[in-house]
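Read through the structure below, which is laid out as structure tokens, and then see the notes.
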Amino acid sequence: MADMRAFRDAVGDWANGGSGRVARELAAESAVRTAVLLEGPSDHAAVETLAARRGRNLAAEGVCVIAMGGAMSIARYAGLLGPPGLGLRLAGLCDRGEQRFYERGLERAGAPWQGFFVCEADLEDELIRALGTAGVEEIIRAEGDLRAWQTFLHQPAHHGRPRQQQLRRFLGTKKGRKIRYGHLLVEALSPDEVPPPLDALLTSL
């Protein structure tokens, strides 16, 4: 596990202009075979949580889950980790609105689209729809965030919006909240409630 975390950190340095030497060395040492490319850390938390619930240790399986820091980084990461770079198998999630951008980025890197799965709006939206808005609000209450949620709802900018959109926006209003709820929402899912894109990704790995 420590080697995979170190590899992930080294890939981040490489993507930000580093030499890539450490990433290449760690790729061999950790026997990484697949890189799961995700937009952000909340997606990372959701994927790792579902894997753990299913009794899987992705790092031990040679799977490294990487939060790229945004969809705009897909071509860069695919080029470093896919066929032109380390030659790893690539997989991941993307939002419907970013699908064409992902497809172009993967094409430039010579990497196949197979292994990538599309969320309608984003993964938070998929999780909220799976649990239902009442279920998500119950989790917010249980986590002690009810007062913050009620304050959010009283803000004029959010009046009249569908509850699902309000919940998505609320999860992103405080640093670290999306990551925490990425874990909590997946923990609350029953096995038959797992959103299809997330289920398909884990099944493909």
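If you take CG on L93 and CZ on F116, they are separated by 9.0 Å, rounding to the nearest 0.5 Å. For the atom pair OH (Y77) and CG (L38), the distance works out to 11.5 Å, reported to the nearest 0.5 Å. One finds the OG atom of S30 at 4.5 Å from the CE atom of M4 (value rounded to the nearest 0.5 Å). Taking CH2 of W14 as the reference point, atom CZ of R24 lies at 4.5 Å (rounded to 0.5 Å). Here L37 contributes atom CG and L81 contributes atom CG; the two are 6.0 Å apart, rounded to the nearest 0.5 Å. Residue F101 holds its CZ atom at 11.0 Å from SG of C94, rounded to the nearest 0.5 Å.
Here the shortest heavy-atom pairing between G110 and P83 reads O-CG, 3.2 Å. The heavy-atom pair separating A35 from I66 by the smallest distance is CB-CD1, 4.4 Å. Of all heavy-atom pairs between A67 and P41, the closest is CB-N, 3.7 Å.
Under the 4.5 Å side-chain criterion, counting only non-hydrogen atoms from C-beta, I128 is in contact with L171. Taking the side chain as every heavy atom from C-beta outward, W113 and Q99 approach each other to under 4.5 Å. Side-chain contact between T49 and L184 is absent, with no heavy atoms from C-beta onward closer than 4.5 Å. Side-chain atoms of V118 and E98, non-hydrogen and from C-beta on, never get closer than 4.5 Å to each other. For the pair C64 and V36, the minimum side-chain heavy-atom distance is 4.5 Å or more. Between I140 and V136, some side-chain heavy-atom pair lies under the 4.5 Å cut-off. With a 4.5 Å cut-off on side-chain heavy atoms, L185 and I139 count as touching. The shortest side-chain heavy-atom distance between S204 and R89 falls under the 4.5 Å cut-off.
Between the side chains of R147 and Q150, no donor-acceptor pair of N or O atoms lies under 3.5 Å. Side-chain atoms of Y102 and D95 include no donor-acceptor pair closer than 3.5 Å. Judged purely by distance below 3.5 Å, without hydrogens or angles, the side chains of S42 and E124 pair a donor atom with an acceptor atom.
In this structure, R104 does not pair ionically with E107, as no charged nitrogen and carboxylate oxygen lie closer than 4.0 Å. With salt bridges taken as basic N to acidic carboxylate O contacts below 4.0 Å, none links K178 and D43. Salt bridge status for R96 with D125: absent, with no side-chain N to carboxylate O gap under 4.0 Å. A salt bridge links E137 with R163: the distance from a Lys NZ or Arg NE/NH1/NH2 to an Asp or Glu carboxylate oxygen falls below 4.0 Å. One finds no salt bridge joining R100 and E103 here, because no Lys/Arg side-chain nitrogen approaches an Asp/Glu carboxylate oxygen to under 4.0 Å.
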* For side-chain contact (heavy atoms from CB on, under 4.5 Å), just list the numbers for H158 and L153, CA-CA rounded to whole Å, side-chain angles, deciding distance to a tenth of an Å, and then say yes or no. => CA-CA 6 Å; H158 308 301; L153 289 176; 5.7 Å; no

* List the steps, then state whether salt bridge (Lys or Arg N to Asp or Glu O under 4.0 Å) holds for D199 with R54. => CA-CA 11 Å; D199 178 64; R54 293 181 172 180; 2.6 Å; yes

* Could you walk me through whether L205 and R56 pass the side-chain contact (heavy atoms from CB on, under 4.5 Å) test, one step at a time? => CA-CA 10 Å; L205 299 176; R56 297 182 61 181; 3.7 Å; yes

* To do: Give the intermediate values and the outcome of side-chain contact (heavy atoms from CB on, under 4.5 Å) for residues R33 and E61.
  => CA-CA 8 Å; R33 60 177 179 81; E61 296 176 23; 4.2 Å; yes

* Stepwise, does the side-chain contact (heavy atoms from CB on, under 4.5 Å) test hold for R180 with D145? -> CA-CA 12 Å; R180 180 161 61 97; D145 287 333; 2.7 Å; yes

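Using a distance-only test at 3.5 Å, with no hydrogens or angles considered, a donor-acceptor pair links the side chain of R53 to the main chain of V186. Without hydrogens or angle criteria, N57 side chain to A60 main chain gives a donor-acceptor distance under 3.5 Å. Remark: the backbone N or O of E120 is paired with a side-chain donor or acceptor of E126 at under 3.5 angstrom.
Within a 6.0 Å sphere centred on NE2 of H154, other residues, nucleotides and ligands contribute 12 heavy atoms or fewer.
Remark: R177 qualifies as a cation-pi partner of F170 under the 6.0 Å distance and 45° angle criteria applied to the six-membered ring.
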